[in-house]
2 protein chains.
Amino acid sequence: MRIGELAERAGVSTRTLRYYESLGLLPEQRAANGYRVYGDDDLRLVEQIRVLQDFGFGLEETRPFVECLRSGHPTGDSCPASISVYRDKLAELDALIDRLRSVRDQVGAQLAEAEARLPEAPEPLCQMEGPRE
Amino acid sequence: MRIGELAERAGVSTRTLRYYESLGLLPEQRAANGYRVYGDDDLRLVEQIRVLQDFGFGLEETRPFVECLRSGHPTGDSCPASISVYRDKLAELDALIDRLRSVRDQVGAQLAEAEARLPEAPEPLCQMEGPRE
DNA sequence: CCTTGCCCTGACGTCGGCGTCAAGGTCTAT
DNA sequence: ATAGACCTTGACGCCGACGTCAGGGCAAGG
């Protein structure tokens, strides 16, 4: 399989695949004419990367998972290094969520306060009261 | 007050203040020698920007608040445009928090699953059982 | 031969919020 | 007069994950 097919099957651009390769996430296998050549296992690598990216992982954080897969393990998280990244991410997420909730509450309070100070025309579409015609 | 003093009082760099000015967030008042000149009300502008930034607002989102203050209102959120930004931000925060919670749960589930598949040496510091010496 | 469709490398652009350096002007104190 | 502390503009650098363009090669069909 060449890069275009892998890109389509994985739902990413060829540019993205070349970028992953430049980071060492994808192998550099080439055909005689210089074209990149991939197998089904490489599709699995890209899928693993995408799943983690959807979770908000940076590409560097996907590296342990990718290397785990490439070393023959059945899943990317079959290795201690991947587990460790999971744990770090969980802690990071918890901290972030807490911060965001705090911010949310503060913004909510500010909004309520500001609305209370500005109790003007919530419905500018109200009717005129003058005589009709 | 010149830019260095305002920067120190506001707890930001002079570069930051010039950047704000380039965005039109701060006024462009100059002394005869070309130096920027600020008043206490400008300190309030910067403080307003900083508070909102800590909440995760982008600089463009602080603009309504800044303009509200500059137009003479007692607080930056005394204007409808600011209220509107508050509302948008609240919705954005709620959506983000929901997404993050979902991700957190998924990552947590993946972690649990991976740990279950890899039930090896949780405590590598366990004692050896061979004969001593 | 020519087009079409794939592939290649290299390099600049994007977004936000500045940091940092360069090269110079201004004001104050000694 | 000169040092030192302040100020000015201009411009490049950074981070991440690519998008996009330029300029060219390879392979197959008509």
Side-chain angles (χ1 to χ4, degrees), chain A residues 1-39 42-43 45-66 85 88-89 92-93 96 103, chain B residues 1-39 42-43 45-66 85 88-89 92-93 96 103:
Chain A
M1 166 171 39
R2 289 174 307 181
I3 196 171
E5 186 181 347
L6 177 58
E8 193 174 0
R9 289 223 267 164
V12 303
S13 69
T14 58
R15 175 72 180 89
T16 296
L17 295 179
R18 292 194 192 97
Y19 181 56
Y20 291 173
E21 179 189 297
S22 78
L23 296 181
L25 292 174
L26 292 182
E28 298 189 9
Q29 182 87 31
R30 300 296 178 108
N33 58 9
Y35 287 12
R36 290 172 177 83
V37 176
Y38 300 102
D42 296 320
L43 173 58
L45 294 183
V46 181
E47 287 169 346
Q48 172 73 82
I49 294 173
R50 286 278 126 176
V51 167
L52 295 176
Q53 270 197 315
D54 288 347
F55 285 169
F57 286 54
L59 286 179
E60 281 309 320
E61 290 174 322
T62 73
R63 190 180 297 278
F65 296 81
V66 172
V85 172
D88 291 352
K89 206 62 183 183
E92 194 183 314
L93 280 167
L96 180 56
V103 167
Chain B
M1 163 171 42
R2 290 175 306 181
I3 197 171
E5 185 180 347
L6 177 59
E8 193 174 0
R9 288 223 266 165
V12 302
S13 69
T14 58
R15 175 71 179 90
T16 295
L17 295 179
R18 292 194 192 97
Y19 180 56
Y20 291 173
E21 179 189 296
S22 78
L23 295 180
L25 292 173
L26 292 183
E28 299 190 10
Q29 182 86 33
R30 302 295 180 109
N33 57 10
Y35 287 12
R36 291 172 177 82
V37 177
Y38 300 102
D42 296 319
L43 173 58
L45 294 183
V46 181
E47 287 169 346
Q48 172 73 83
I49 295 173
R50 286 278 127 179
V51 167
L52 294 177
Q53 270 196 314
D54 288 347
F55 284 169
F57 286 54
L59 286 178
E60 281 310 320
E61 291 174 322
T62 73
R63 191 180 298 275
F65 296 81
V66 172
V85 172
D88 291 351
K89 207 63 183 181
E92 193 182 315
L93 281 167
L96 179 57
V103 167

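Residue numbers begin at 1 in each chain, while the letters A, B, ... track the order of the sequences. Because only heavy atoms are used, hydrogens play no part in the values below, and waters and symmetry mates are left out as well, while side chains stay in.
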Quick one: A:Leu52 CG to D:dA17 P, roughly how many Å, whole number? 12 Å
Does anyone know the first and last nucleotide of DNA chain C in reach of chain B, 5' to 3', at under 4.0 angstrom to a heavy atom? C:dG17 to C:dC27
Angle between terminal axes - the helix from C:dC1-D:dG30 to C:dT30-D:dA1, 5 pairs each end, rounded to 10°: 50°
Please examine the side chains of B:Tyr38 and B:Leu43, heavy atoms only from C-beta on, and report whether any two atoms are closer than 4.5 Å. no
Is there a side-chain contact between A:Arg50 and the phosphate of D:dC18, meaning an N or O under 4.0 Å from OP1 or OP2? yes
Less than 4.0 angstrom between a side-chain N/O of B:Arg36 and OP1 or OP2 of D:dT8, yes or no? yes
Report the distance from atom CZ of A:Arg15 to atom C1' of D:dC18, rounded to the nearest whole Å. 6 Å
Going by the rule side chain to side chain donor-acceptor pair (under 3.5 Å), which residues pair with B:Glu28 if we only count those two or more places apart in sequence or in a different chain? none
Does anything in residues 55-63 of chain A come within less than 4.0 Å of DNA chain D? Heavy atoms only, and list the residues if so. A:Gly58, A:Leu59
Please give me every residue in residues 1-10 of chain B whose heavy atoms get under 4.0 Å of an atom in DNA chain D, ordered by residue number. B:Arg2, B:Ile3, B:Gly4
Residues B:Val103 and A:Leu93: closest non-hydrogen pair is CG1-CD1, 3.9 Å
Partner residues of A:Glu5 under the salt bridge (charged side-chain N to carboxylate O under 4.0 Å, His left out) criterion, sequence neighbours left out: A:Arg9
With B:Tyr20 via side chain to side chain donor-acceptor pair (under 3.5 Å) - residues at least two apart: B:Arg50, B:Gln53
Under the side-chain contact (heavy atoms from CB on, under 4.5 Å) test, residues paired with B:Glu61 that sit two or more places apart: B:Phe57, B:Val85, B:Lys89, B:Glu92
Sorted by chain and residue number, the side-chain contact (heavy atoms from CB on, under 4.5 Å) partners of A:Asn33 (sequence neighbours excluded) come out as A:Ala31, A:Tyr35
Within the structure shown, what part of the strands sits under 4.0 Å from A:Thr14 by heavy-atom distance: base, sugar-phosphate, or nothing? nothing
A:Leu17 side, atom CG; A:Leu6 side, atom CG - distance, nearest 0.5 Å: 5.0 Å
A:Glu60 versus A:Pro64, closest heavy-atom pair with distance: O-CD, 3.7 Å
Can you see which heavy atom on B:Ser13 is nearest to which on B:Ala7, and at what distance? C-CB, 4.0 Å
Atom CZ of B:Arg18 to atom P of D:dC7: distance rounded to whole Å? 8 Å
Flag side-chain contact, heavy atom, 4.5 Å: A:Arg36 against A:Gln29: no
Ion pair present between A:Glu21 and A:Arg18, side-chain N to carboxylate O less than 4.0 angstrom? no
Within residues 21-34 of chain B, the residues having a heavy atom closer than 4.0 Å to DNA chain D are B:Arg30, B:Gly34
For a quick check, tell me whether the side chain of A:Tyr19 and the base of D:dG19 share a donor-acceptor pair closer than 3.5 Å. no
With side chain to side chain contact (heavy atoms under 4.5 Å, CB included) as the test, would you mind laying out the steps for A:Val51 and A:Phe65 before giving the verdict? CA-CA 11 Å; A:Val51 167; A:Phe65 296 81; over 6 Å; no
Go through B:Leu25 and B:Arg63 one step at a time and tell me if the side chain to side chain contact (heavy atoms under 4.5 Å, CB included) criterion holds. CA-CA 7 Å; B:Leu25 292 173; B:Arg63 191 180 298 275; 4.0 Å; yes
Can you name the side chain to side chain donor-acceptor pair (under 3.5 Å) partners of A:Arg15, sequence neighbours left out? none
For A:Leu59 and A:Thr62 the tightest heavy-atom approach is O-OG1, 2.7 Å
